Amino acid sequence: MEREFYERDTLTVARDLLGRTIVHETSEGATAGIIVETEAYKGPEDKASHAYANLRTGRTEVQFGPKGHAYVYLIYGMYYCLNVASGEVPGKPEAILVRALEPVTGLKIMARRRIDVSDDRRPNLTNGPGKLCMAMGISTRQNGADLCASPLHIDAGVPMDKACIAQTARINVDYAEEWRYLRWRFLIHDSVFVSTRQQIS
DNA sequence: TGCACGATTCTCT
DNA sequence: GAGAATCGTGCAA
């Protein structure tokens, strides 16, 4: 996708990311998956965001930079989460968390990276933010990578029909007070590759 | 310098 | 549904 794709309202981009394909080319080979679940985090005012109150540190720095770059961080000391910097306001720290993929390329490589997961349990390869990073070989080494020009990028794929998209509250942000209830999680309603059916009515 | 904790996952009950 | 694994980060001291 072009830079302009990410330089739009973050909620719009989060929704529009569904159906697109993330590709990562490494020395081990290429892996790719269709995005089936995202969450939006909107800068200074969002208590669920790492950049709440414009908190600018080494970790959140990428969110303040050019849109379309990868924000990758370590969570619980053992998993990584992949985000994309986005938003129509330059310098405003907003990002989209990629929560789940439908694997399409490099399944063998994914299974090898995902310890204890065999090919016959395909959804389990990438149906969660930590899982998909492990399967795609994404770590903080990719933090700051330009998704418009790097081995890690996003292809247009097939735009998702609006009728297929469900919208719910975000997952595991109970600490965010009133912001926890915002329905800023987008997912493909009938996909078996999403992280959880939680809150889908 | 110390310390509590997390945008998670896996295992066991 | 509960509990453990595990460590960089942010903030207090």
Side-chain angles (χ1 to χ4, degrees), chain A residues 6 10-11 13-15 17-18 22 33 35-65 67 69-87 92-101 103 110-145 147 166-187 192-200:
Chain A
Y6 305 102
T10 291
L11 295 179
V13 180
R15 190 184 292 105
L17 234 26
L18 297 178
I22 296 188
I35 300 173
V36 297
E37 180 178 344
T38 60
E39 276 180 4
Y41 287 85
K42 294 187 61 159
E45 71 270 25
D46 181 2
K47 286 184 180 171
S49 170
H50 291 162
Y52 175 60
N54 266 314
L55 185 68
R56 185 168 186 164
T57 65
R59 182 172 67 149
T60 62
E61 185 59 30
V62 176
Q63 293 199 50
F64 291 83
K67 312 307 180 186
H69 285 241
Y71 166 48
V72 184
Y73 64 90
L74 178 70
I75 185 67
Y76 294 103
M78 65 187 90
Y79 299 108
Y80 297 101
C81 288
L82 170 67
N83 299 249
V84 185
S86 63
K92 187 179 180 194
E94 299 187 340
I96 298 159
L97 170 67
V98 180
R99 287 193 56 89
L101 303 175
M110 291 186 183
R112 195 184 318 136
R113 288 173 175 155
R114 294 268 295 120
I115 304 160
D116 294 337
V117 176
S118 57
D119 260 0
D120 58 352
R121 299 174 65 195
R122 279 189 19 153
N124 205 25
L125 288 172
T126 55
N127 60 350
K131 296 178 186 178
L132 75 87
C133 282
M134 203 179 302
M136 297 284 293
I138 295 168
S139 72
T140 46
R141 285 193 303 279
Q142 276 67 235
N143 189 44
L147 297 177
Q167 196 171 344
T168 78
R170 292 173 292 182
I171 303 297
N172 288 342
V173 291
D174 296 355
Y175 57 86
E177 300 175 31
E178 69 270 30
W179 295 88
R180 63 185 283 191
Y181 303 110
L182 293 174
R183 296 165 69 83
W184 283 359
R185 172 180 177 232
F186 302 90
L187 49 91
V192 300
F193 297 97
V194 298
S195 67
T196 170
R197 311 298 302 174
Q198 192 178 325
Q199 298 169 39
I200 301 181

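From a predicted model like this one, the values you see are computed outputs, not experimental measurements. Naming convention: chains lettered A, B, ... in sequence-line order (proteins, then strands); numbering from 1 in each chain.
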Side-chain donor/acceptor of [X] to backbone N/O of [Y], under 3.5 Å:
X: A:Arg114; Y: A:Met134; answer: no
X: A:Glu37; Y: A:Ser195; answer: yes
X: A:Tyr175; Y: A:Ala48; answer: yes
X: A:Gln199; Y: A:Ala169; answer: yes

**Message:** With side-chain contact (heavy atoms from CB on, under 4.5 Å) as the test, pick out the partner of A:Gln63 among A:Arg56, A:Glu94, A:His50.
**Reply:** A:His50
Measure [atom1]/[X] against [atom2]/[N] and give the value in whole Å, please.
X: A:Asn127; N: B:dT8; atom1: CG; atom2: P; result: 13 Å
X: A:Tyr79; N: B:dC5; atom1: OH; atom2: P; result: 21 Å
X: A:Leu125; N: B:dT9; atom1: CG; atom2: P; result: 13 Å
X: A:Ile171; N: B:dT9; atom1: CD1; atom2: P; result: 11 Å
X: A:Tyr73; N: B:dG6; atom1: OH; atom2: P; result: 12 Å
X: A:Leu132; N: B:dA7; atom1: CG; atom2: P; result: 16 Å
X: A:Glu37; N: B:dT8; atom1: CD; atom2: C1'; result: 13 Å
X: A:Ile75; N: C:dA4; atom1: CD1; atom2: C1'; result: 15 Å

According to a strict under-4.0 Å criterion, is [X] in side-chain N/O contact with OP1 or OP2 of [N]?
X: A:Arg99; N: B:dT8; result: yes
X: A:Tyr175; N: B:dA7; result: yes
X: A:Asn172; N: B:dA7; result: no

**Complete:** Paired runs of 3 or more consecutive Watson-Crick or G-U pairs involving DNA chain C, with both pairing distances under 3.5 Å, are B:1-6 with C:7-12, B:8-12 with C:1-5
**Message:** Please give me the minimum heavy-atom distance between A:Cys133 and A:Tyr80, naming the atom from each residue.
**Reply:** SG-O, 3.4 Å
**Message:** If you compare all heavy atoms of A:Val98 against all heavy atoms of A:Leu132, which two are closest, and at what distance to 0.1 Å?
**Reply:** O-CD2, 3.3 Å
Enumerate all atom pairs, one protein N or O and one N or O from nucleotides 6-13 of chain C, separated by less than 3.5 Å.
unit_1: C:dT6; atom_1: O2; unit_2: A:Tyr76; atom_2: O; d: 2.5
unit_1: C:dG10; atom_1: OP1; unit_2: A:Thr57; atom_2: OG1; d: 2.4
unit_1: C:dG10; atom_1: OP2; unit_2: A:Thr57; atom_2: OG1; d: 3.3

**Asked** Is any NZ, NE, NH1 or NH2 atom of the basic residue among A:Glu39 and A:Arg99 found under 4.0 Å from an Asp or Glu carboxylate oxygen of the other?
**Response** yes
**Prompt:** Does atom CZ of A:Arg141 have more than 12 heavy-atom neighbours, drawn from other residues, nucleotides or ligands, at distances under 6.0 Å?
**Reply:** no
**Prompt:** Expressed as a whole number of Å, how far does the P atom of B:dA7 sit from that of C:dG1?
**Reply:** 22 Å
